[in-house]
Protein chains: 2
Amino acid sequence: MRILVVEDEHKIANSIKKGLEQESYAVDIAYDGVQGFDLASTEDYDIVILDLLLPGMDGLAVCKRLRDENIHTPILMLTAKGELHDKVEGFSGGADDYLVKPFAFEELIARVRALTRRPRNRLNSVLSYGDLSVNTLTFEVKRGKTLCRLSKKEFSLLEYLLRHPDIVLSKEQIIAHVWDYDADILPNTVEVYIGYLRNKIDKPFPKKPRLIRTRRGFGYQIGRER
Amino acid sequence: MRILVVEDEHKIANSIKKGLEQESYAVDIAYDGVQGFDLASTEDYDIVILDLLLPGMDGLAVCKRLRDENIHTPILMLTAKGELHDKVEGFSGGADDYLVKPFAFEELIARVRALTRRPRNRLNSVLSYGDLSVNTLTFEVKRGKTLCRLSKKEFSLLEYLLRHPDIVLSKEQIIAHVWDYDADILPNTVEVYIGYLRNKIDKPFPKKPRLIRTRRGFGYQIGRER
DNA sequence: CAAGAATCTGAGAAAAAGCTGAGAAAGGAT
DNA sequence: ATCCTTTCTCAGCTTTTTCTCAGATTCTTG
C-alpha cells in the first residue's frame, strides 16, 4: 500500500509519514502542490493525503486537476479548523473524505483504512485479549461479562494498546497516536489515563490477571503478568 | 450486491459510494456517460444508479442504449430538482425508479432496497426493537400498542437508528444519512431531534426501558439500558 | 539503605458534550 | 389570509471529560 502525503508543514508531514510507516504503509511526501500533483499523476498511489492550504497550487486545485486528468486515486483532504466552509468545497473538488486539523493520529488511520479496505463490518469489529473485549461498533468494553463504562479518550487509548497486543508502547508513541499532533500533552497525562483504565478494567477484578502492565523506563503494554 | 454509480459530480458520487458501502454494497463509479455505459454493459451489476445530466452521453441515452442491448439491470435515475418534466421521460427511457436531488441518504437506500429485493413485501417492511415497531409502508410508529405520531424527519431519524440496532451512530453519520448531502446541519440539530424522539417514544412510557441511549463522546444508539 | 528517577494518584480548574425552552422561517391546509 | 405544523438555530444550563499540578510511592542502582 503506497500513500502520498502532500503537506507543506514539515513537522506534520513527517509525523504522518512516521505514523503511517508504523502501520506498514509506504509513504512519500511532497512539500508543495505542484510536486504533489506531479507525483500523484505519474506514480501509482493507493491514497493521496492532501492538505488544503499549500504553497504553489492549493489542495483543491490539485484535487480538481487530478480528477480532470481522470486520476481517481482516493483523496483524503486535510483542512484546518476555521475553514469549515471548505469542507463542502473540498468534496465538490472531488475529495473522498476529509479530516479537520488537528486530528488524533488514530483518526487518520481509521480514515485511511476506510478508504483502502472495506467498510467496517460486524466481523472484525471486536478486539480482545484474554477476557477483555472491546467492540468498536457499540463502543462496549467488557471484562468477562462485566461492562466497563469508558470515556472517549480512555476508549481510544485502550483501543490503541489493544491493536498492538504484547508490544511495549512508549508514552511518546501513545501521545502521537491517541492525541492531536499539536496537542501539547505531558507524559504524565498518559500515566493518569493509564490509571483511569486500570481503575476500570483491572482493579475491579482482583482475582483476574492485570492486563495493563507498566514496563518501567520503556512504556506500557497489554499483556498477562508472568 | 454490486452497484454502479454513474455521476459526474465527484462530491455526490463519492458520498453515495461511501454510504452504500456502509450498507455493504460493492460500489463502482463512472464519472461520465460513456464510461458508465461501458461498465454497465460489460460488468454484471445488480443496480445502476444513473444521473440524468452527464457529460458525454446523458443518462437517458445510456438508459436507452442499455435496454436496446437487452441489458435489463434495474436502473435508478437521479434527476435535479427543476427537471420534473424529465421524470416521465426517464421512465419511458426504461428506468425503474427515479429520485429527485437533493435527497437524504436514507431515501436512496430505500429505493435501492426496493429495487434489489424485488417486490417490496409487507414482511420485511416493519422494523422493530423491543416493543417499538416502525412500519415503513404505513409510516406508523408504535410503542407497544400505542401509536406515536412522528414528523417526517423524526421518522427518518428513527428509521436510520433502527436499521442499525445496538450500533453507536455518531452525529456526523446521522447527519450524512438523514439529511441531504448538501444540507449544512449543526450537530446540535441532531441533539434536538433526538430530544423530540425521546419525547414521543420514551418519555410517555416511564415504566418501559428507554430505547434511545446517549453514548457521550461517541453518539447515539438504539438499545436497552444495562 | 539512600538518592534519584520514574510512576502513581487525589484534587480541582477549564473545556467539551449534551439537553432544552424559545423562537424565527418556511411550508401546508383550510 | 390565517392558523398550524415542521424544520432548524440559538443561548443558557447541567453534566461529564480532559488535563495539569503537586505530593506520595515505587523502583533501580550504587
Side-chain angles (χ1 to χ4, degrees), chain A residues 81 84 100 102-104 106-107 139 141 148-158 160-161 168-204 210 212-221 225, chain B residues 81 100 102-104 106-107 139 141 148-158 160-161 168-180 182-203 210 212-221:
Chain A
K81 202 164 190 178
L84 283 192
V100 177
F103 48 83
E106 287 296 277
E107 276 197 67
F139 296 96
V141 175
C148 310
R149 228 181 115 269
L150 302 199
S151 79
K152 181 97 185 297
K153 265 282 177 286
E154 290 161 4
F155 188 92
S156 351
L157 172 55
L158 181 58
Y160 177 54
L161 295 174
V168 177
L169 299 164
S170 71
K171 282 176 225 176
E172 287 69 30
Q173 283 178 300
I174 291 174
I175 289 172
H177 276 79
V178 177
W179 274 266
D180 298 354
Y181 53 81
D182 71 349
D184 236 341
I185 292 294
L186 305 172
N188 173 249
T189 304
V190 177
E191 295 164 16
V192 171
Y193 272 83
I194 289 283
Y196 294 161
L197 276 185
R198 285 185 170 137
N199 286 337
K200 293 182 177 180
I201 71 172
D202 272 340
K203 293 243 178 87
R210 307 285 145 90
I212 301 174
R213 305 181 59 198
T214 300
R215 303 299 301 280
R216 177 173 266 254
F218 301 101
Y220 298 93
Q221 175 189 33
E225 276 166 305
Chain B
K81 203 165 190 177
V100 177
F103 47 83
E106 286 296 275
E107 281 196 67
F139 295 97
V141 175
C148 308
R149 229 182 117 270
L150 302 197
S151 79
K152 178 119 184 290
K153 264 285 177 281
E154 290 161 4
F155 188 90
S156 12
L157 173 55
L158 182 58
Y160 177 52
L161 295 174
V168 176
L169 300 164
S170 71
K171 281 175 228 182
E172 288 68 30
Q173 283 178 298
I174 290 174
I175 289 171
H177 276 79
V178 175
W179 274 265
D180 296 354
D182 66 354
D184 227 345
I185 291 294
L186 304 173
N188 173 250
T189 304
V190 176
E191 294 163 19
V192 171
Y193 272 82
I194 289 283
Y196 294 161
L197 276 186
R198 284 186 171 136
N199 287 336
K200 294 184 176 179
I201 72 171
D202 272 339
K203 293 241 179 88
R210 305 286 145 91
I212 302 175
R213 302 218 293 146
T214 300
R215 301 295 302 279
R216 180 177 263 256
F218 303 104
Y220 297 94
Q221 177 186 34

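All figures in this text were calculated on a predicted structure; none of them were measured in a lab. Below, chain A is the first sequence line, B the second, and so on; all start at residue 1.
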Counting heavy atoms from C-beta on, name the nucleotide in D:dT7, D:dC19, D:dT20 closest to the side chain of A:N188.
D:dT20
Sugar-phosphate, base or nothing in reach of B:G217, heavy atoms under 4.0 Å:
sugar-phosphate
Among C:dC8, D:dC8, C:dC19, the one nearest B:R198 by side-chain distance
C:dC19
Using a heavy-atom cut-off of 4.0 Å across all strands, would you classify A:F155 as base, sugar-phosphate, or nothing?
nothing
Against the side chain of A:K171, the closest entry in C:dG10, D:dT16, C:dT7 is C:dT7
Mind checking whether A:F139 and A:K152 have side chains closer than 4.5 Å, heavy atoms only?
no
Nearest-neighbour nucleotide for the A:R216 side chain, D:dT17, C:dT7, C:dA11 considered
C:dT7
Would you kindly give the CD1-to-C1' distance between A:I175 and D:dT20, to the nearest whole Å?
13 Å
Under 4.0 angstrom between B:W179 side-chain N/O and D:dC8 OP1 or OP2:
yes
Tell me which nucleotide among D:dT18, C:dT20, C:dG18 gets nearest to the side chain of B:V192.
C:dT20
Do the ring planes of A:Y160 and A:H177 sit parallel (below 30°), tilted (30 to 60°) or perpendicular (above 60°)?
parallel
Upstream residue (5' side of DNA chain D) when B:K152 and B:L186 are each assigned their closest nucleotide:
B:K152
Per B:E191 side chain, nearest of listed nucleotides D:dT18, C:dC19, D:dC10
C:dC19
Which of D:dT16, D:dA22, D:dC8 is nearest the side chain of B:Y193? It is D:dC8
Distance in angstrom units between A:L157 CG and D:dC19 C1', rounded:
14 Å
Is the phosphate of D:dT9 approached by B:T189 (side-chain N or O, under 4.0 Å from OP1 or OP2)?
yes
Would you check if B:E191 and B:Y220 make a side-chain contact, meaning some heavy-atom pair closer than 4.5 Å?
yes
Under 4.0 angstrom, heavy atoms only, what part of the nucleic acid is A:D184 near: base, sugar-phosphate, or nothing?
sugar-phosphate
What is the distance from CD1 of B:I212 to P of C:dT20, rounded to the nearest Å?
12 Å
Side chains of B:L161 and B:I194: closer than 4.5 Å at any heavy-atom pair?
yes
For D:dT7, take OP1 and OP2 only and decide whether either is under 4.0 Å from a side-chain N or O of B:S151.
yes
Selected nucleotide, minimal atom distance to B:I185 side chain, candidates D:dC8, D:dT7, D:dT20
D:dC8
Rounded off to whole Å, could you give me the NZ-to-C1' distance for the A:K200 and D:dT18 pair?
12 Å
Can you find a side chain N or O atom of B:R215 that sits less than 4.0 Å from OP1 or OP2 on D:dT16?
no
Taken to the nearest whole Å, CZ/B:R213 to P/C:dC19 is 13 Å
Heavy-atom donor-acceptor pair, B:K200 side chain to B:R149 backbone, under 3.5 Å
yes
Name the residue closer to the 5' end of DNA chain C, choosing between A:G219 and A:Y196 according to the nucleotide with the nearest heavy atom.
A:G219
Side chain of A:K203 only, heavy atoms from C-beta on: which candidate in C:dT9, D:dT16, D:dT18 is closest?
C:dT9
Backbone of A:V168 reached by a side-chain donor or acceptor of A:R215 within 3.5 Å
no
How many Å lie between CZ on A:R149 and P on D:dT15, as a whole number?
14 Å
Rounded to whole Å, the CG-C1' distance (B:L150 to D:dT7) equals 15 Å
